Each structure stands twice: as C-alpha cells, then as structure tokens.
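Just follow the structure's listing: the first ligand is 1, and inside any ligand the first atom is 1. Just so it is clear, the model here is predicted, and its values are computed rather than measured. In what follows, residues are counted from 1 in the order of the sequence shown.
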Amino acid sequence: MNSPKFHNIYTQLPKSFFSRSTPTPVKAPSVVSQNKKLALELGFDLEWMSSKEGTAMFSGNDFPIGADPIAQVYAGHQFGGWAPRLGDGRAHLIGQVQAKDGRNWDIQLKGSGPTPYSRSGDGRAWLGPVLREYLVSESMHQLGIPTTRALASVVTGETVYREKPLPGAILTRVAPSLIRVGTFEYFSSRKDTESISQLLAYSISIHFPELDPKDAIGFLDAVISKQAELISKWMGVGFIHGVMNTDNTHIGGITIDYGPCAFMDDYIPNKVFSSIDVNGRYSYEQQPKVIVWNLVRLAISLLPLIDDTESEAIKKAELSLSKFDKTYHDNFRNLFLKKIGMSREVNGDLELLTDLLTSMTSFKADFTQTFIELNPLNRDSTISSPLNFLNEWKVKWTNRLELEKDPFTVMSQTNPRFIPRNHLIEQAIQDAILGNYKLFNDLVLASENPFKKSLENEALYTSPGTDSLVSQTFCGT
Ligand code: AMP
Ligand code: MG
C-alpha cells in the first residue's frame, strides 16, 4: 500500500500569501463517498484510499509525508461590497500531488476546522453542502464544464450547529489551483505590486504556461476568454451559481465554491435560488453581466503590471475587457444552436432560437426537459408533454433542419438527460441526515453518464411535480 506523495509549492510564495494552519482532528470520521476514477487519475493507491490512513487524511486527522497544511488569504467583493480580508476560513490546502500526466493538483479539505481567517465562523461544514458540492461539481465535470473536483466526503462524527444541530462533514476538493480574483484584489488593495507580480507568475505557470510569467495583459485576456466560455456553458445547462462574488471567481475559468447553487427547472431567465440574493444580483440571466463586473476588479488589480503609465494601462485593460462580449456570445450561440440540432449558423437561426426561448419563458417550460422532448431520438420513453405550445415553431425548425446532416445526434450529444435537480439533492440530503445514502449514491451514478439514461429510476430524470419543487436554497453552509 502506497500513500500519496505530497509537496506544497504555494508555501514557496511569500509568507503574506497564507497562514500555516492545521486541520482540527475530528472524533469519529467515516467515509461517505470516494471518487475512485479521479483518485486513479491522481495516482492514488485505491487500497490506501480505503485504509485507516486514507480516512485520516480525508478527515484532517493525519497526513502523509510531505503534506504541509495552510490556509490561503484572499479578499473579495461580496454582493458588490468590499471585504478586505477573507481567506480560507474553514478550508486547508494540504498540498499538491503530481498526477500521472505530470500536472500538479491542489488537494484541499473544506470543513476541516478554524484557521486564522475564520472570523466568527466555526471552520466547519455540515453534511448538506458537502454532499451538494460533491454531487454538483462532479456532475459539472461530466457535463464538460470546467470545475473544481470532489475526491472524497466524510462525516466527522461531530455535530455542527446551523440554527439546529446537524452532522458535520468534510469535503476533499481538487483543482489545479484555488486562486481567485479576490486573491489579486487582496494584494492590490495593499498596493503590494511585488506580490501581485509573484501571484501573476504563479498563476500563469499553472493555468497559462504558454504565456510569459510577466505578461499581465496576456493573462487578463486569457482569464476573460476562459470565463466567457465557462459562463456560456453554465447558461447551456441552466446552472445558477448563486454567489458570484469575486472571491468565488477562479482565475483559471473553472467553477469554484458551490454554495446555494442550483440547476433551473422551469425556464425563468431572472430565476434566483439563493435565499440571500434578495435583489437578484446573481440570477441566471445576470451571470454574463456580473462576471464582467468581477473581471473589471481583476483588471484594476493588474493595472500597475499592465503599463507604467496608468492611462495606458487603463486603455489596454479596457480593450481586453471589451473582447468578453464577442467570446461569450459566440460560445453561447454555438452551444444553443447545437441544442436545437444546428451544427452551424445560417441566416434566421438566431431569430428561431430567440423565438424558442421566448415561448419557453411564456409557458414556463422545463429548461432541460424541453430540449430532450424536442429530439425524436428520445421518443422511446416517458415523454409526457408533447410540447404543443411549440407547434408553430416546430414547423419552421423542421424546415431549417433539412440543411443539417445529423441534427438529432448533435442534440443528443449536447443536451443532458441528467442534471442533479434541486428537489432530488434536497431529498438526498434529508435521507443522508438519517443515514440513508441510497439516493445520493444513485445521483452520483446517474451524473457519471449525463447524456444517457443509465439508471432505471425514472424519477432521477424528470422535472419535479408541483408538490416536490424546491425553488430556494439556503446559505447556511
Ligand atoms: P463562501 O460563502 O463559502 O464563499 O465563504 C465566504 C467566506 O466566509 C470565506 O472566507 C470562507 O472561508 C468563510 N466562511 C464560510 N463559512 C465559514 C465557517 N463555517 N467558518 C469559518 N469561515 C467560514
Ligand atoms: Mg468562497
């Protein structure tokens, strides 16, 4: 049995980038789930994964040699308001492991106890958000959407208080880095240009190694482009992140910090799930606008490295930011046209797409299900509503599809059959509190093949009935 080999390159950065902090041991850890496929990619020994030593690591009780736990510092704009120092308040970066492909991956525990950045928080997580993040982040990955990954979840055997007593849990997250727009803002707000330049070089080496380590504008361009792609992909599956604060915006363009996130059921463009997002700042349709707001914060942090003359730096940053719209809209259009079987755009396609989305809004059609039901290749099954409200639209659409070779295969490859719907996640969490993980495990299984119906259980693939709809998520993470 081999334990994984850790090192921690983040500790080579200046001391002001992190605090040394050790996870607080827990009483009676027990494993809920382990991601064996990911573990193998990372080069973990499966025997070690399921050993006492494995459980000890995933619960923060003990670590293999080379691990060097730290909490990373960052700042951020939360709902538009400036927070000068946030940082990992309940997470520990244990270090990196080198995967089989030679790349380094950060291994982080979340819910592993207080750190110097905890403020008044307890440093813990309860089982609900841990299972939600495990399931949703792995689903996103299987849907082809860049994201942090989930390697393991454990219950701690301890109680966490969130209005009521709940089972404590810890998630093990994996990502190429955990650097946020807020990490740059932290040093920028302290006018610490030297540190920004070190953070830039570090970020480039991990996420954009083709760039020169000092190329601030190249970096800004690259982050903007990655985020434009990412948000278009969120839109394509009806994903609402829910807390797009700058501290939850990753500089590698991957989805990070799953809180009160959810996939939309009915297509309601201004849909919000999070109970604390009272003004709809982070609604579904706001996401492409809010990300630009966040990217402006990144651009401001980089200004001193973009050009010595501030006015020149601003000009260059503005040019870079102005490219977001085209990248986003190109990606959005390609993706949504594929959702209706079109492999390329011809005149009139955008109108057709807009008409569809408008009708879907008027009829509060289920976002995921509508694209499934439109595809005749799916007519096998339990398709219940014949989409009568689209009859007129379908005539025009069918005519247009005559120009396409294999539109329905394109649709099958683009439109997921499975998304982890909110009502199912809520039910899985309620069951898990009582010690029953069947639904959670089934959801994880279904998420491994999102473009197929791989499990018999019909309920995993259908929209919620009015009695089971869950339209709000709570932050009590
Ligand atoms: P989040 O909403 O998860 O993105 O967290 C925002 C900030 O609050 C981060 O700095 C977290 O580390 C911190 N935080 C959230 N929950 C806790 C907790 N239970 N204990 C300590 N810090 C927390
Ligand atoms: Mg966060």
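- For the pair Asp122 and Arg162, the salt-bridge criterion is met [side-chain N within less than 4.0 Å of a carboxylate O].
- Residue Asp122 has at least one N or O atom closer than 3.5 Å to an N or O atom of ligand 1.
- With a 4.0 Å cut-off on non-hydrogen atoms, Tyr74 touches ligand 1 through its side chain and not its backbone.
- Within the structure, the closest approach of Gly123 to ligand 1 falls below 4.0 Å when heavy atoms are considered.
- Under 4.0 Å from ligand 1, the heavy atoms of Arg162 that appear belong solely to its side chain.
- Heavy-atom contacts of Asp257 reach the following atoms of ligand 1: 4 (O) (cutoff under 4.0 Å).
- Without hydrogens or angle criteria, His92 side chain to Ile94 main chain gives no donor-acceptor distance under 3.5 Å.
- A donor-acceptor pair under 3.5 Å is formed between the side chain of Lys339 and the backbone N or O of Gly236.
- The pair Asp366-Arg421 counts as a salt bridge, with a side-chain nitrogen and a carboxylate oxygen less than 4.0 angstrom apart.
- The ring of Tyr74 has its center no closer than 6.0 angstrom to the ring center of Tyr186.
- Remark: Asp257 engages Arg173, Arg180 in a salt bridge (Lys or Arg N to Asp or Glu O under 4.0 Å) (not counting sequence neighbours).
- If you number the atoms of ligand 1 from 1 as listed, the ones under 4.0 Å from a heavy atom of Asn248 come out as 4 (O).
- For residues 282-291, every residue pair satisfying the side-chain hydrogen bond (donor to acceptor under 3.5 Å, both in side chains) rule, not counting sequence neighbours, is listed here: Asn245-Tyr282.
- Within the 4.0 Å heavy-atom criterion, the part of Arg119 lying near ligand 1 is the side chain and not the backbone.
- Residues Phe418 and Phe451 keep their aromatic ring centres 6.0 Å or farther apart.
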Can you give the donor-acceptor pairs under 3.5 Å from side chains of residues 61-73 to other protein atoms, not counting sequence neighbours?
from	atom 1	to	atom 2	distance (Å)
Asn61	OD1	Val26	N	2.7
Asn61	ND2	Val26	O	3.0
Asp68	OD1	Arg20	NE	3.0
Asp68	OD2	Arg20	NH2	2.8

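- For the pair Asp431 and Lys438, the salt-bridge criterion is not met [side-chain N within less than 4.0 Å of a carboxylate O].
- Counting only protein N, O or S atoms, the number found under 2.8 Å from the Mg ion (ligand 2) is 2.
- Of all the heavy atoms of Asn245, none lies under 4.0 Å from any atom of ligand 1, so neither backbone nor side chain is involved.
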